Amino acid sequence: MKKLLALLAAAAACTLALAAPEFSNVPAPLQKSLAHHGLKTAQLDNSVLRLRMDKPEITELVYATFIYHGFCAEQWRSPERFAGLTLTRVELLNTSGTQGYAFNVRGNVCEQMGQMGKNYRSLITEHTVKCEGGSCPRP
């Protein structure tokens with residue numbers, strides 16, 4: 001019975017290790033925030049956080065949900081993780097990197113979104129550009 005439990009625990013650990021995204025230049029506190037959102041890769045490059053999600057297509061709903069719950073809400077819950085980061089943009093792309101969206105995070109956009117009575121969908125839309133063909137236009 002102990003051997004069976006040990007094998008099951010090892011299998012679970014391997015599965016979790018395979019599911020972890022590949023991080024490049026992403027500070028450890030930010031890695032902790034991003035680890036559980038179905039990401040394949042995450043790269044921080046010149047204040048742009050480039051993320052690839054393990055999905056063939058990123059829909060507006062998936063994107064808005066990630067920005068609200070996976071990115072901005074993490075800043076509200078743990079502002080110390082984001083303190084000192086000079087992020088200007090978050091790009092969320094599909095598995096192949098050909099399609100997705102980019103979110104302009106300059107200033108206090110996430111902070112505004114967390115205020116009572118703010119329409120988060122409008123704020124996300126206002127600060128978003130669509131990415132196609134593997135590139136995201138600059139705002």
Side-chain angles (χ1 to χ4, degrees):
M1 184 64 138
K2 286 183 181 181
K3 285 184 181 183
L4 180 60
L5 286 175
L7 285 173
L8 288 173
C14 289
T15 303
L16 289 175
L18 291 175
E22 179 184 318
F23 292 108
S24 176
N25 297 329
V26 179
L30 190 53
Q31 287 182 21
K32 186 175 180 183
S33 298
L34 297 172
H36 306 290
H37 294 287
L39 299 174
K40 188 175 179 180
T41 63
Q43 176 184 4
L44 183 60
D45 185 31
N46 293 330
S47 75
V48 176
L49 182 60
R50 290 184 177 89
L51 308 168
R52 285 208 185 167
M53 192 170 262
D54 199 12
K55 290 186 174 289
E57 181 183 358
I58 304 297
T59 64
E60 287 183 47
L61 179 60
V62 166
Y63 165 74
T65 301
F66 173 78
I67 292 299
Y68 186 84
H69 292 288
F71 188 75
C72 286
E74 289 292 339
Q75 289 187 43
W76 308 325
R77 286 189 288 270
S78 304
E80 66 280 355
R81 286 187 194 162
F82 291 84
L85 289 178
T86 54
L87 285 176
T88 58
R89 186 174 167 104
V90 175
E91 296 177 357
L92 181 63
L93 301 172
N94 64 350
T95 303
S96 61
T98 58
Q99 176 271 330
Y101 298 91
F103 184 65
N104 180 4
V105 295
R106 288 187 177 108
N108 63 349
V109 177
C110 284
E111 188 179 313
Q112 288 177 38
M113 204 180 301
Q115 294 173 357
M116 293 295 288
K118 289 288 183 172
N119 184 332
Y120 73 91
R121 287 184 205 135
S122 320
L123 279 168
I124 291 173
T125 302
E126 184 181 320
H127 296 279
T128 295
V129 293
K130 193 170 187 171
C131 305
E132 296 176 315
S135 67
C136 299
R138 295 287 172 210

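Numbering of residues begins at 1 and proceeds along the displayed sequence. Since we're looking at a predicted model, the values are computed, not measured.
- Residues passing the ring-ring contact (aromatic ring centres under 6.0 Å, His included) test with Phe103: none are found, sequence neighbours excluded.
- Under a hydrophobic-cluster definition in which Ile, Leu, Val, Met, Phe, Trp and Tyr are linked whenever side-chain heavy atoms come within less than 4.5 Å, directly or via other members, Leu93 and Tyr101 are assigned to different clusters.
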With a cut-off of 3.5 Å and sequence neighbours excluded, list every side-chain donor-acceptor pair involving residues 69-77.
unit_1, atom_1, unit_2, atom_2, d
Glu74, OE1, Arg81, NH1, 3.3
Glu74, OE2, Arg77, NH2, 3.3
Trp76, NE1, Cys110, O, 2.7

Which side-chain N or O atoms in residues 125-136 pair as donor and acceptor under 3.5 Å with protein atoms at least two apart or in another chain?
unit_1, atom_1, unit_2, atom_2, d
Thr125, OG1, Arg121, O, 2.9
Thr128, OG1, Tyr63, OH, 2.7
Thr128, OG1, Ile124, O, 2.4

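- Annotation: ring pair (Phe, Tyr, Trp, His ring centres under 6.0 Å) contacts involving residues 21-58, sequence neighbours excluded, comprise His37-Phe66.
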What verdict does the side chain to side chain contact (heavy atoms under 4.5 Å, CB included) test give for Arg89 and Asn104, after you've listed the backbone C-alpha separation in whole Å, the side-chain angles of each residue and the deciding distance to 0.1 Å? CA-CA 5 Å; Arg89 186 174 167 104; Asn104 180 4; 5.7 Å; no
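- Listed by chain and residue number, nothing satisfies the side-chain hydrogen bond (donor to acceptor under 3.5 Å, both in side chains) test with Gln31 (two or more places apart in sequence, or in another chain).
- Tyr68 and Leu87 end up in the same hydrophobic cluster when Ile, Leu, Val, Met, Phe, Trp and Tyr side chains are linked at under 4.5 Å.
- No more than 12 heavy-atom neighbours from other residues, nucleotides or ligands sit within 6.0 angstrom of CD on Glu111.
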- Between Leu92 and Ile67, does a side chain to side chain contact (heavy atoms under 4.5 Å, CB included) hold up when you go through it step by step? CA-CA 9 Å; Leu92 181 63; Ile67 292 299; 5.9 Å; no
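- Residue pairs meeting the salt bridge (Lys or Arg N to Asp or Glu O under 4.0 Å) criterion with at least one member in residues 23-32: none, sequence neighbours excluded.
- For Thr98, the side-chain hydrogen bond (donor to acceptor under 3.5 Å, both in side chains) criterion is met by Asn94, Ser96, not counting sequence neighbours.
- Summarising the geometry of Lys40 relative to Thr95, their closest heavy-atom pair is NZ-CG2, 3.2 Å, with the distance given to 0.1 Å.
- Applying the side-chain hydrogen bond (donor to acceptor under 3.5 Å, both in side chains) rule to Thr86 yields no partners; only residues at least two apart in sequence or on another chain are considered.
- Separating the CG atom in Leu49 from the CD atom in Gln43 is a distance of 9.0 Å, to the nearest 0.5 Å.
- Annotation: side chain of Pro27 is in contact with side chain of Leu44 (closest heavy-atom distance under 4.5 Å).
- Under the side-chain hydrogen bond (donor to acceptor under 3.5 Å, both in side chains) criterion, Asn46 pairs with no residue, sequence neighbours left out.
- Annotation for Leu34 and Ala42: closest pair CD1-CB, 4.4 Å, computed over non-hydrogen atoms.
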Name every donor-acceptor pair, under 3.5 Å, that has one atom in a side chain of residues 50-60 and the other anywhere in the protein, sequence neighbours excluded.
unit_1, atom_1, unit_2, atom_2, d
Arg50, NE, Glu91, OE1, 3.3
Arg50, NH1, Asp45, OD2, 3.4
Thr59, OG1, Val62, N, 3.1

Residue pair Leu85, Leu30: steps toward the side chain to side chain contact (heavy atoms under 4.5 Å, CB included) verdict:
CA-CA 9 Å; Leu85 289 178; Leu30 190 53; 3.7 Å; yes
